[in-house]
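Because only heavy atoms are used, hydrogens play no part in the values below, and waters and symmetry mates are left out as well, while side chains stay in. Numbering of ligands and ligand atoms starts at 1, following listing order.
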Amino acid sequence: MDVCEEIGKVRQLRSRQPGVSWGLVPTMGFLHEGHLSLVRLAHQQNDRVAATIFVNPAQFNDPKDLTAYPRDLERDLEMLERAGVDLVWTPTAATVYPAGYQTYVEVENISRRLEGASRPGHLKGVATVVTKLFNVLQPDRAYFGQKDAQQALVIGRLAADLNFDIEIVVGPTVREADGLAMSSRNANLSAAARPHAACLYKALTAARDAIVQGEGDAERVRARMSAVVAQTPGVTLDYASVADPQSLEEQTRITGRCLLSMAVYLDGVRLIDNLPVACE
Ligand code: AMP
C-alpha cells in the first residue's frame, strides 16, 4: 500500500497503470466498519482502490468540533492495509488549502436544507474538498455512505453538474447491534450516554413503521420522531425531517418515497441518521 502526502506523488502513483480502473473512498479517518464496507464495495467494482484521510477544516463550521474530531492515523493505515487498499492520500490542510486559496464549490438548493441549514458552510466545504479529491485522484468510481444521505445527494449533483466522468456509488449504512449508525464521532460519547444514542434509529424505525401502516401526514410522523427523542435522557433534537428523497423539500403528505432524517445532540456530540422509505 502506497501512502503519501504530496499531490505530485499521488498523481504519479495514480497514473502508473493506464487502463486500470480506480475506486475512491474519501474519509476523515478514525475508521470503522462503515468505511471498510465502502472499501469492499470499491474492490468489487474496480481494479484498484484509493482512500483519502483528511479532516477537512472547510467543512467544520465550529472550530471546537474540528479540534474534538477523533484521529488515529496509524490505526487507520493498518486497517486500510488489511483491507487491501492500494493507495492512501493523507494530505495536510496546507496542501489542500495553501496560502491564497480562494476557490469554493457550492451546490445550491439541496445544500440549504437539513445539515446545510444547521451547519452553515458545511456542505460547501464538503463539495469543495470532494472536487479537489476527484481532480487529484481521477477515480472511475467514488464511494459514499447512505449514512450521510444529503452529502451523497450533493456529490451526485456536483458530479453531474460539473461533468465529472465518475460514477457515484452509495453504500448502505452500517449499524451497531442496537441500531446506532457507525460514526467516528461515536467515540466521543461517554459510556453513560452511549446507550441513549440508539434513540435515533428507534425514532426512524418507529416513523417508518407508521408510514408503512398508512400514516400519510408528514407532520405527525415528525412528531413521532421528536417524541422518541424527548423520552430519551440527555438528547436534544436539532431536526426531524420527512423530505422528498431527491430535492430534500419537506413533505406535507407522504406519497411514494420519502427520506426520514434526524440530527440530535447527546453528550456534546452531534449525531445524524436517516432512513429512506418507500410506500407504494
Ligand atoms: P467520514 O469519515 O465520516 O467523512 O465518512 C467517510 C465516508 O464513509 C462517507 O461517505 C460516509 O457517508 C461513509 N460512512 C460513514 N459512516 C458510515 C456508516 N455507518 N455506514 C456506511 N457508510 C458510512
Side-chain angles (χ1 to χ4, degrees), residues 23-45 49-61 65-66 68-73 75-77 79-80 83 85 88-91 93 96 107 110-111 114-116 119 122-134 137 139 141-159 166-189 194 197-198 200-201 204 259 261-263 269-276:
L24 168 66
V25 182
T27 83
M28 296 205 298
F30 212 76
L31 302 179
H32 50 69
E33 197 48 41
H35 299 111
L36 296 183
S37 70
L38 297 178
V39 169
R40 284 194 289 272
L41 196 52
H43 268 306
Q44 285 164 19
Q45 300 178 344
V49 175
T52 57
I53 299 176
F54 179 56
V55 183
N56 174 31
Q59 71 187 71
F60 284 80
N61 53 314
D65 189 27
L66 174 61
Y69 200 83
R71 294 163 169 88
D72 189 342
L73 184 60
R75 176 173 157 273
D76 289 345
L77 293 176
M79 288 169 79
L80 294 177
V85 167
V88 187
W89 187 26
T90 59
V96 178
V107 178
I110 49 170
S111 296
L114 306 177
E115 289 302 286
R119 303 179 67 193
H122 166 63
L123 288 160
K124 179 174 155 185
V126 170
T128 301
V129 81
V130 168
T131 300
K132 291 175 67 89
L133 301 179
F134 284 180
L137 281 147
R141 296 178 191 82
Y143 295 81
F144 296 89
Q146 174 64 30
K147 158 76 174 32
D148 300 281
Q150 185 178 20
Q151 170 175 284
L153 280 173
V154 163
I155 290 158
R157 189 74 255 166
L158 149 84
I166 298 171
E167 185 187 343
I168 306 302
V169 183
V170 181
T173 302
V174 178
R175 299 178 180 283
E176 304 284 359
D178 66 353
L180 174 65
M182 288 193 183
S183 165
S184 309
R185 291 173 188 276
N186 295 349
N188 288 344
L189 292 170
R194 168 61 188 85
L200 282 119
Y201 190 60
L204 290 166
L259 180 72
S261 58
M262 305 177 71
V269 181
R270 190 162 197 282
L271 300 172
I272 61 170
D273 200 355
N274 70 84
L275 211 52

Ile53 side, atom CD1; Thr90 side, atom OG1 - distance, nearest 0.5 Å:
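So the gap between those two atoms works out to 7.0 Å.
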
Rounding to 0.5 Å, atoms CG (Asp273) and CG (Leu180) come to a distance of 7.5 Å

Dump the pairs for me: ligand 1 N or O, protein N or O, distance under 3.5 Å, to 0.1 Å.
{"from": "ligand 1", "atom 1": "2 (O)", "to": "Met28", "atom 2": "N", "distance (Å)": "2.9"}
{"from": "ligand 1", "atom 1": "2 (O)", "to": "His35", "atom 2": "NE2", "distance (Å)": "2.8"}
{"from": "ligand 1", "atom 1": "5 (O)", "to": "His35", "atom 2": "NE2", "distance (Å)": "3.4"}
{"from": "ligand 1", "atom 1": "10 (O)", "to": "Gly145", "atom 2": "N", "distance (Å)": "2.9"}
{"from": "ligand 1", "atom 1": "12 (O)", "to": "Gly145", "atom 2": "N", "distance (Å)": "3.1"}
{"from": "ligand 1", "atom 1": "12 (O)", "to": "Gly145", "atom 2": "O", "distance (Å)": "3.3"}
{"from": "ligand 1", "atom 1": "12 (O)", "to": "Asp148", "atom 2": "OD2", "distance (Å)": "2.6"}
{"from": "ligand 1", "atom 1": "16 (N)", "to": "Met182", "atom 2": "O", "distance (Å)": "3.3"}
{"from": "ligand 1", "atom 1": "19 (N)", "to": "Val174", "atom 2": "O", "distance (Å)": "2.9"}
{"from": "ligand 1", "atom 1": "19 (N)", "to": "Met182", "atom 2": "N", "distance (Å)": "3.4"}
{"from": "ligand 1", "atom 1": "19 (N)", "to": "Met182", "atom 2": "O", "distance (Å)": "2.9"}
{"from": "ligand 1", "atom 1": "20 (N)", "to": "Val174", "atom 2": "N", "distance (Å)": "2.8"}

In short, His35 meets Phe30 closest at the heavy-atom pair CE1-O, 3.9 Å

- Task: Go through the structure and list residues passing side-chain contact (heavy atoms from CB on, under 4.5 Å) with Ala263, not counting sequence neighbours.
- Result: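 side-chain contact (heavy atoms from CB on, under 4.5 Å) check on Ala263 returns Glu115, Asp238, Tyr239, Arg270, Ile272.
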
With sequence neighbours left out, the residues meeting side-chain contact (heavy atoms from CB on, under 4.5 Å) with Arg40 are Glu33, Leu36, Ser37

Applying side-chain hydrogen bond (donor to acceptor under 3.5 Å, both in side chains) to Glu176 and not counting sequence neighbours gives none

